[in-house]
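A short worksheet on the structure shown next.
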Amino acid sequence: MSASSPQSREEILEANLRALFRVAYHPLPIRAGLAAEVQRAAAAALDRPAPARPRLLTLAIAAAASFLIAAFAVFAWQCSDQARDRLVRQQQIALREGRGGWNATLAKQLQLGGARLELALPEGAAIAVACGPGALAMLGPAHASIASSGSGADVEAFHGGFTLRGFDGRVRGEFGSLECSQADLDLACSADGSARAWLSGGLARFESRDGQRRDLVREQLFDTRPARPAASSLGSLLGAARVDPDAGRQPIPAPSPIVAAPEGTHAVLSGKVHTQDGTAIQAFRVILLREVELPQTAQSSSREFADPSGRFRFESAQSGEWTVFVQASGFALWTRNHVRLGTAELALDVALEPGAGLSGRVVEAGSARPLANVLLVSESDVPCSLLPFDFAVSPDNPAALTRTDAEGRFHFEHLASSSTVIRAQLRGFASTWSSAIVPGASDAELAIEMTGGGALAGRVEREDGSAWVGAGVVAMPQRTLIDLPRRSYGWGMTDAGGAFLIEDLPPGDYVAVRVEATRADAQSDQPASARTRTEVREVRIRAGATARLDFLASPRGSRLAGRVLRADRTPFAAGTISIMPALAAAEHGQDAPYGWRSQLCGADGSFEFTEVVPGRYDIFLGVRTPMDTVGVDSVEVGSASNVDHEVVAPAGEIAGRVSSAATGRGVSFAAIVLEREGSGGSCEFIAKVFSDESGEWRIPFLVDGRYRLRAYPGQGLCFGGRDGIEVRAGAEIPRIDFALEAGSELALAVRDERGLGLGGIEVRLIDERGLEFEPAQDPRTDAEGRRTLPGLPTGRLRVVLRNLDGSLSERWISTQAPEPAQLEMTLPRVAAENSRK
Amino acid sequence: MDEFFALHFRPLYEFAHFRLGAQTAEVEDVVQDTFVVAFESLAGFDGRSSIQTWLAGIAKNKIRARRRKLRPMLLSDALEAADAEIDTWLASIDETSLPGWALEKRETSELVGATLAQLPIDYREALLAKYVRGESTAELAQRGGRTTKAAESLLSRARTAFAGVFTLLAKKRGGLG
């Protein structure tokens, strides 16, 4: 070391720094191109964002096979298991809210309000989820899914649902505790201190609060409550269960009218919950579901209450119309529709009933092999509006779910004694629904058969043609929009290559939509061309096959764009426009979907379809989606063309009501089909709409002319119709009411001379007045030459068959509703007529 | 994104370089993995630390993971070939003028780079502006949107930090403390 210097330390340092940076500092050489490579990789990571909170997205759903369009909102689902695993490897707790992305988290306050919570724990991590009424972390209505990669997790259960996967550790709750070893466990904890669990893997041992221990048996329902009665033996089939067609969709009829409070911004809902004999129920849950018209859907808001007098008070609800559910352990779900909340406090008197049980069995179709571990959902007993096919736990009403045992048997308890539909789901099989059934109305057991499903695959591209990573795609069966209590859907997310795959879909026609636009986007004032569009496609799913549906952004065909205006020239804002190849309806058969496309108009009424295959297109509009879709225009799109087209909705209108002649009650979801009469007896399809809960229907946007109307009510009633209805804009709106009697069902079999079934034969029914009906969506016989036609009125009907070569055959039949009718007809086997191609 | 990337890319590269040694491929992988993770989980960044610290934390995890796959390697391993005499001098950066022969050694150059890689970005930028690009305090202030007094203060803190880290690394490498 040298001798000390007279310089100050600052001066020495300054001199040394100058020397060091001048002589010894050499910027590190970095490979050319590395920065660009890393930046691209990071940009790709941005394509799989992990938002801290789920985004509310808007979807548009359309179903032109039944000329039905709907649009609704769901939560975004964006996740990255890679991101989750990475966080866990970094010894961080990964948390996902709803279907959002995985994020690292520490102890935090969460306001989930019905969302689903998932946690992935690193080895050795211990968490305490302290939840419940009054607790800081409001996880009461949430569902937590906890995956543990190691030992030592210690979870304090809250009132709600857990899914534990590969879980080592202990779950404590009011019910006692569960010691788990590599456990795959679905657990639902109730407000009354009980718990139900389903162990599908690993080991779990229950210890009650008084020290009693029990090992959980795999694939068997574990319930801390007193043993329930065993399921009765397998009895008659599903068809034996009688269903009141007028039971409708009201789980419990409203006992008394509720006086509406004035509109306001916030509402107070209070009430008292008791048994039928007036005894207060002390622990219960109140769930509010806002009643919104499509294109919106509502998310439920749930809160638990514990009060010795059974009273509750819900202060945070927004004013408007709500469906109110009340759930308590040991009772059926109480439901009241159309509860209008305003600024004034509204008090409900809630009398809960034990409800009814329902048993049944699930087997594999064909082999009759019993299927174990099938999840069954009583749709009307689930207090929500959307049910994904991978639905697993219903914390808001555990009684709505059950599973089959090793022999395929299942048993529900405490179901509401009104019409519901049971949905069965099992990985590797297509979800399937029972017919409508009223629990408790019959001792018959439900028999459900499951078969393999189909799949939907495709690719999603951004506007620049690059792969859209992490985009959600939803596929919803069209029937779930019409004749089921809840809307079921499957969903998938695109991978790094922009590809998605949705499996185990029930066969049938679907609406599929790419999830991208936010609700704010959809409701913004920007023209549609300035924001990302949400477009809906039709797709047909077949068993054992994978349908292909791509959402390719870069236009590879013609473009059709423009604006939709009402008759007064105001924009058709937020309405739905659909285009469909003009010949599709005529050419539609069992093997091809219609090929329609649909999207929401912008605030200025604008729309834009790209990649349009050249041809002529019919244009349909929908306002009260999904209830009405009306053909208003047509347009020719040439090859590689850019068509700008203005659609002006005509001002004519027609309305009416469908009711049961026997009861006078309105018939909901009756299909109303409108055709415009042309010259020479020809008709042009114009609209198909559905009646509302009171049976009312309305068809707007009609040009002046003569129309013919058909009503197909289903629900055991006969169809009806009227021809020659004059519609004039500005004139009095024609009102057509149908009071319909019971109908009968015709089983038709068409064979050739050798007795073999003839498929593809078109069937029409003509009544004595000469009115023509097509009561089945597909008017053709199936491959075995069969077709069932429902809703035939009492009287004489002419059955007209059109053979493949265009030749016609007919037969008169007499029906006496509700007795079923049968008819066999023989036609020559011919080759298909060339001119129809 | 470009701005974020431009600001943090080189510092992160140097941070990784001086922890992994001259294993260029490994360094590049760590840098890329770090940015990918960072962009994936940017929404989860809670702001309790600076972005640079957060990035460095991710990079450290990446480096640890790679070391587990390869062989144990500490910072002192990366700053190889310690020369105790050099380090004795270097450890006295604010006490003794550094001799010219020491300045020209590769080890000294490594230590300067390693020290800079540990400093906050604004310290690093201030030192490079003054001693490499020859900018005045006024220019430094103007470019950073600071007052001249704030720029002087920043520079003073940067010098002190550099000296502290430089001395620490030199002592550790030289086995002096």
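Note: hydrogens, waters and symmetry copies are ignored here, and every other heavy atom, side chains too, is used. Letters A, B, ... mirror the listed sequences (proteins, then strands); counts begin at 1.
A/E10 has its side chain out of reach of B/S156: every pair of non-hydrogen atoms, C-beta onward, lies at least 4.5 Å apart. Side-chain atoms of B/R133 and A/F21, non-hydrogen and from C-beta on, never get closer than 4.5 Å to each other. Considering only heavy atoms from C-beta on, A/H26 stays 4.5 Å or farther from B/E110 through its side chain.
Among the candidates B/T34, B/T160, B/L116, the residue making the largest number of heavy-atom pairs closer than 4.5 Å to chain A is B/L116. Among the candidates B/V31, B/L128, B/L127, the residue making the largest number of heavy-atom pairs closer than 4.5 Å to chain A is B/L128.
Of the atoms belonging to B/F9, it is side-chain heavy atoms, and not backbone ones, that fall under 4.5 Å from chain A. Neither the backbone nor the side chain of A/A15 comes within contact range of chain B; no heavy atoms are under 4.5 Å apart.
Atom-to-atom distance recorded for A/I30:CD1 and B/Y13:OH is 5.5 Å, nearest 0.5 angstrom. Atom CG of A/N16 sits about 12.5 Å away from atom CZ of B/R159, to the nearest 0.5 Å.
Taking both residues in full, the closest heavy atoms of A/A24 and B/S109 are given as O-OG, 2.9 Å, listed atom of the first, atom of the second, then distance. Contact detail for A/L34 and B/E28: the closest heavy-atom pair is CD2-CG, 3.4 Å.
Identified under the ring-ring contact (aromatic ring centres under 6.0 Å, His included) test for residues 104-126 of chain B, with sequence neighbours left out: none.
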Set out, in order, the CA-CA distance, both residues' side-chain angles and the distance that settles side-chain contact (heavy atoms from CB on, under 4.5 Å) for A/L20 and B/F162, then state yes or no. CA-CA 11 Å; A/L20 274 174; B/F162 184 94; 4.1 Å; yes

